[in-house]
Structures are given as structure tokens and as C-alpha cells.
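First up is the structure itself, then whatever we jot down about it.
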Amino acid sequence: MLYLSTRGHAERKRFCEILLEGLAPDGGLYLPEHYPQVDDAALTRLRTTFQTQGYAALAFEVLSLYIDDIPAADLKALCAKTYTKEVYGTETIVPVRQLEDGLLVEALSNGPTLAFKDMAMQLLGNLFEYELARRGEELNIFGATSGDTGSAAEYAMRGKKGVRVFMTSPHGRMSPFQQAQMFSLMDENIHNIAIEGVFDDCQDLVKAVSNDLDFKTKYKIGTVNSINWARLLAQVVYYFAGYFQATTANSQKVSFTVPSGNFGNVCAGHVARMMGLPVDTLVAATNENDVLDEFFRTGVYRVRGSADTHETSSPSMDISKASNFERFVFDLLGRDAALTKDLFGAQISKNGQFDLSGNPHFAEAATRYGFASGKSTHANRLTTIQDVHQRFGQMIDTHTADGVKVAREHIKAGVPMIVLETALPIKFAATIVEALGQEPNRPAKFEGIEALPKRVQVMKADVAQIKAYIAQHCDHA
Ligand SMILES: *Cc1c(COP(=O)(O)O)cnc(C)c1O
């Protein structure tokens, strides 16, 4: 399997080459040259694999369709090491439960940081360690986080050989639980840097350091952001696992509703559907930051400025642009790389938006690719959390609540609707208390983490100071 860039660069690469990279050289995103097709017999084999050997075996089978430069035995071992009951709390790894008639919830949030990003990041940690050892190289991951991504990256990379993590976050702005999760890690290779500023300041620092090519090369700076193809690929697996739990025969279809921000999660659903998984509708649920909902309703993709980006109670969906969206648009346009490049390169930088409403392909987003969308607000979130608690005795987090709200608007008779549960309520306790007047349940392993010693360096938003800190903590400085 070879990978191409959505912006038409002539080079083709293999999986392990793009594993440690971010964007393609022309600024595009990597996609496989084609989507491997899973026919009825293959789907039955995967169903049996999942039912008899479990999630890790299913992951190996799906990943094998896209990865041909890691020996099968090694890839199998990496999957087996990643998706365990010890890490995810259940044998099923991503158990599906019924909420109400026709509406199911797939739990993706039982990993180490209680958010769905663990599903991909835990695998990425093992893949990085494997590939770096094979090359005899090191990598220093430098990133910015407002919560979920940074903690998932740190829990995935802690103790891994050849990898260091330098993670900036806005000082004092993450929830106490999120701060405790990250700052209580004592591993030598994990460096928490709290920046006196907001999330944008952290992102600007990452950009400034990445733009210094000499520094970037000398200190082997890399990222783990959601445009990484390996992360997206790992997420494809749980669409299969969800489907197998909700159906008994391949003639049945399901739909998914996905709480969306950067379009990484639902894009994995798109890939699964392109492979032939019987998915009826893929519903992208947004919060007040409705870039995606606007596109699917109107054909206009409009990047928001920072004044136009709202801080909401489902903060992991607070985005100004959807960084994985280019992958879907490339497919939607019949893989027209020149047009994709014009839209995401020229038009976005010049106008901050593009308009596909007049393009005949736009209608196919719904008709051919099964996409739908919806939006949920703070008030919707509170009502949904209250309703689910009162009627079913279950607590759901704010992002999942956005999903449930929007899913209910798209249910079709006879097609199970699976809402992806992207976080546990304890991560966003303040809003749960606002909705229910009580604290969310806390998994036993997180009892009292706020009181643990913290390992964090507070710093000004100063590029020179950050660079000095990174240099000082790299052995070969
Ligand atoms: C990251 C995240 C999302 C958004 O996922 P995307 O892949 O960016 O669309 C939704 N919910 C939670 C809890 C998250 O951490």
C-alpha cells in the first residue's frame, strides 16, 4: 500500500515513512492510494475474528490491509500489547450499550485518560517505539494542548524508549482533573510546560519552533496531532467493532453519530464506509463551533477567527478549522488534487473560506458518502445530560451529550444509531454538577489524583526560552 498527498505531490510513500511525519511536503494530508475493499466474506471473517479472538486481533486484521512494511508477527504483537483489558478495563475494549430504542452508545473512553484519543494514541506510542528502535533514531514530540490530546499523548509515550514529550498547555486553564492527569506523571521522558497565556499562545510557540528548520532537525522535533494517518487508521477499527456488536448479519446497516471537532474521528468512519462497512449515515455533531455543520448544510467551509471561536462546555470540540476535513473533501471531489490544493491552499489563505454549493459533487456528501450533521449548544448539553440521567440512570459527558442530542434528530426506523462516547463525565465535572447537582462517578484509579505531587515547569510564552529548555533536556544537546 502506497500513500499520496491530497495536494498532488508526485511522491508516494509507505506506511512507516509517513508514520513519523505530519503534513506531506506540499502541505497536503496523506491518504492511501485506494481503500482496500471488504466484501461480504471478508466482513464475516472479521466478525468472527472479533467475536472469537477479540479487539486486538480485529485491529491486526484491519491494520494489515494498510501496513505492509512491518512484519505480520510484529504488527500482531504491537496490537496485542496495545488493546488489553488491563488498559481499557473490559475484554470488549469498546463495549456498545443500549440507551433507548434504536440508540446505542459505543464506549471509546475507557483508556488511561478517559477520552477516545487513547484508542489511537496508545497504538501510536507502541508504533513509534518500534519504528524508532528499528531505525536507531530518537524523536522529541513538541505539542500544544488544551486537555485531551496532550494527556493522551503523554500516557501513550510515557516510559517509551527513544521518545520524549514536551507538552505546552495554557497555565491554569485546564480543568483541575486534566491538570492532575498530566502533571502527576513522573516519567523522565515527559515534560509538562505550563505557558503563561492561552491555548493560541501555546500553538504559536509550536509553530515558531517547527518553522526553525535547523532547530527542528537538530533536535528531531515531531508532533502527534490528529492529521497523523496512523492515528486515523487506528480509529477505523472501532467502527468495525461497533458494527459487529450492533448487528448479527452483514445485510444490516448501522449509522454513527460522532462528536466532532477536527474531523479526525468521523473521517475514520468515512474510511470504514469506503472500505465497504455497511454504514448508512455518518452524522457529524458539532457544538457552538459549527464549522462542519455549516458546511454540510450549505456547502460553505468557513474557517473561524479566534474572536469567532467559542469556549464551550464541550471544549475538545472548540475548533476554528477542522484539520482533517481536507481528506474528505479530496474524496468528495473525486480525488481532484489540483482543486483540493486550490481550496485549502489558495482560497483558505486568501478568503478564509470556500464555497462548494455550486459544485455538483457537493450533493454527494449526503447521497453518496452518507454524511449528515447537526449542532448542539450548552443548553442542549445540559438538557440531554439531565434526560439521560433521569430516564436511564446513566451519566454521559458533555461531548457525548452533543452526540446524543444530534443523533436523535437523525434516527431512521430499522437502522441502529451508534453514538460514539468520546469522554467520561469525570473529565468535565463542572458541567455535570451544573446539570445534575452532583459530582460524576470517578473511576477508582483516579481517586485523589488532584492531591498527587505535580511535575510541571511554568514559563513565559517565549520562543527562545522554550528552545533552551528543549535543548537542555535532550541528551545530545
Ligand atoms: C478530540 C475530541 C473530540 C473531537 O474529535 P475530532 O477527531 O477532533 O473530531 C470529541 N470529543 C472528545 C472528548 C475529544 O477529546
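Order of appearance sets the numbers: ligands from 1, and atoms from 1 within every ligand. Heavy-atom basis, side chains included; hydrogens, waters and symmetry copies ignored.
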Looking only at protein heavy atoms, which one is nearest to [atom], and how far off is it?
atom	value
atom 11 (N) of ligand 1	Thr422 OG1, 2.9 Å
atom 10 (C) of ligand 1	Pro259 O, 3.6 Å
atom 6 (P) of ligand 1	Asn262 N, 3.6 Å

Going by the order shown, which atoms of ligand 1 are within less than 4.0 Å of some heavy atom of [X]?
X	result
Gly264	6 (P), 7 (O), 9 (O)
Ser316	1 (C), 2 (C), 3 (C), 4 (C), 12 (C), 14 (C), 15 (O)
Ala423	13 (C)
Gly261	4 (C), 6 (P), 8 (O), 9 (O)
Met317	10 (C)

Heavy atom under 4.0 Å from ligand 1: found in [X]'s side chain, backbone, both, or neither?
X	value
Asp148	side chain
Lys117	side chain
Phe263	backbone

Sub-4.0 Å heavy-atom contact, Ser226 with ligand 1: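 Ser226 does not count as a contact of ligand 1 under the 4.0 Å cut-off.
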Phe116-ligand 1 polar pair, N/O distance under 3.5 Å: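 No: no nitrogen or oxygen of Phe116 is under 3.5 Å from one in ligand 1.
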Close N or O approach (Asn265, ligand 1; < 3.5 Å):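 There is such a contact, yes.
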NZ/NE/NH1/NH2 to OD/OE distance under 4.0 Å, Asp290 and Lys375: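 Lys375 and Asp290: salt-bridged.
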SB check Asp26 Lys341 (cutoff 4.0 Å):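 Salt bridge between Asp26 and Lys341, a charged N being under 4.0 Å from a carboxylate O: no.
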Thr400 (side chain) donor-acceptor with Ile396 (main chain) under 3.5 angstrom: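 Here the side-chain-to-backbone pair does not exist.
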Polar side-chain atom of Asn324 near backbone of Ser226 as donor-acceptor pair, under 3.5 Å: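 Indeed, once roles are kept as given, a pair shorter than 3.5 Å links the two residues.
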Geometric cation-pi criterion Arg335 and Tyr35, 6.0 Å radius, 45° cone: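 Positive - Arg335 is close enough to the ring of Tyr35 and near enough to its axis.
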Greater than 12 external heavy atoms within 6.0 Å of Lys321's NZ: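 For Lys321, atom NZ is not crowded (no more than 12 foreign heavy atoms under 6.0 Å).
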Ring geometry between Phe325 and Phe344 (parallel below 30°, tilted from 30 to 60°, perpendicular above 60°):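 Answer is perpendicular, since the angle exceeds 60°.
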Test log, rule side chain to side chain contact (heavy atoms under 4.5 Å, CB included), inputs Met121 and Tyr155: CA-CA 8 Å; Met121 206 72 92; Tyr155 279 76; over 6 Å; no
Polar contact flag, side-chain donor to acceptor under 3.5 angstrom, Glu21-Asn228: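 The criterion, which ignores hydrogens and geometry beyond distance, is not satisfied for Asn228 and Glu21.
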